[in-house]
Amino acid sequence: MAETATPAETAHVDRVRGARRSPAEHLAEAFTSGSVPGTVTLTEIPYQTMVGVRVHPASDAGSRVASVTGGLPATCGAVTGSAVSGKDSVNTLWLGPTEFMVVAPEEAHDSLGGSLVSDLTTALGNDAGQVVDLSANRTTFELSGSHARAVLEKTCALDLHPRVFKAGTAVSTELAHIPVMLWKTSDESYRIFPRASFADFLGRWLLDAMREYASPEVP
Amino acid sequence: MLLISCPNCGPRDETEFHYGGQAHVAYPESPNDLTDREWAEYLFYRENTKGTFAERWVHSTGCRQWFNMLRDTVSYEIHSIYGMGQPRPDIKVPGQRSEPDKPGEFTQTGEFGQTEPGLAPGAPTTGVPISGATAPTSSEGV
């Protein structure tokens, strides 16, 4: 943790941070200029800690893992963990009956002084299952604003109407024909997790889909 | 586009799924005792049913779980979705000719690889007639 870090550890963490390149880093400027504040905005939340967990939730290992993550979601769409707004929020997304994705801020990663991955590995122990550090597998886009749903509805086949797709739901689906996790974090905010190699494509696709909302609405 | 109801995730577009071929093809009890022909039939010979067909699907973009589906290969209507390992549900579809699609029903004479009965003109037609060739025309264009 930061308060106990020696100068050498701090230097190491700085080196790690300096060496990283996020998958959509080159689009940051385009995201800023393409966003329409109050209507729809797109940002990348880079370097989030993500851990893929495969464990049977009803097993002993499952309950030990659940105690680290703050519960394991039981059904498709369910998300467990603390509120998303918090800086230290650790959330678990349902990927399958025995497969989960733990999403946490970058500080939770072991290379930056956190202990999430090692905690989960310890919790699983030698039981059946796996804990894999997938932090570099996906990046995170945050699409928010009153027209965020309209942007997503251009490509998403799911019913995104709030009566069906409620805040606090995360599903694995397709956007623009690429597989993503889509997490509705609040009424007008979505987090999209594309794999790193799709980040450029999806970022540009979303920018294009957002462009019409920069112009005044034609009555 | 099919709308397939995944047992875990609910209705999703067909593009999220992958097809896994004919369901209920049992692994041979003693594979070592099989002749090359029998082994090849287990591996490669599948029904080409016109009508209700039991097949495997996987929700590859979603929960990545396999399941079985009873689907009409003519109308694409999905009659039933059931779990892996469960027996094929006995569903009678009105107006559908009941054609068995059990594996192993397909028979063919001659040594394997020697002749190609379906391709060679004038090949001996001692096998079972190809399904559909003698089918009643009432089911066409359903």
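Computed from heavy atoms alone, side chains included, the values below leave out hydrogens, waters and symmetry copies. Lettering follows sequence order; numbering is per chain, from 1.
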Could you list the residues that satisfy ring pair (Phe, Tyr, Trp, His ring centres under 6.0 Å) with B:Tyr82, not counting sequence neighbours?
B:His24
Partners passing ring pair (Phe, Tyr, Trp, His ring centres under 6.0 Å) against B:Phe67 (at least two apart in sequence or in another chain)
B:Phe17
Could you work out all donor-acceptor pairs shorter than 3.5 Å where one atom is in chain B and the other in chain A?
from    : atom 1 : to       : atom 2 : distance (Å)
B:Arg12 : NH1    : A:Ser172 : O      : 2.8
B:Thr15 : OG1    : A:Glu174 : OE1    : 3.0
B:Glu16 : OE2    : A:Thr173 : OG1    : 2.7
B:Thr61 : O      : A:Ser172 : OG     : 2.5
B:Thr61 : OG1    : A:Glu174 : OE2    : 3.4
B:Arg64 : NE     : A:Glu99  : OE1    : 3.4
B:Arg64 : NH2    : A:Glu99  : OE1    : 3.4
B:Arg64 : NH2    : A:Glu99  : OE2    : 2.5

With a 4.5 angstrom heavy-atom cut-off, which part of A:Leu158 approaches chain B: side chain, backbone, both or neither?
side chain
Partners meeting salt bridge (Lys or Arg N to Asp or Glu O under 4.0 Å) with B:Asp90 (sequence neighbours left out):
B:Lys92
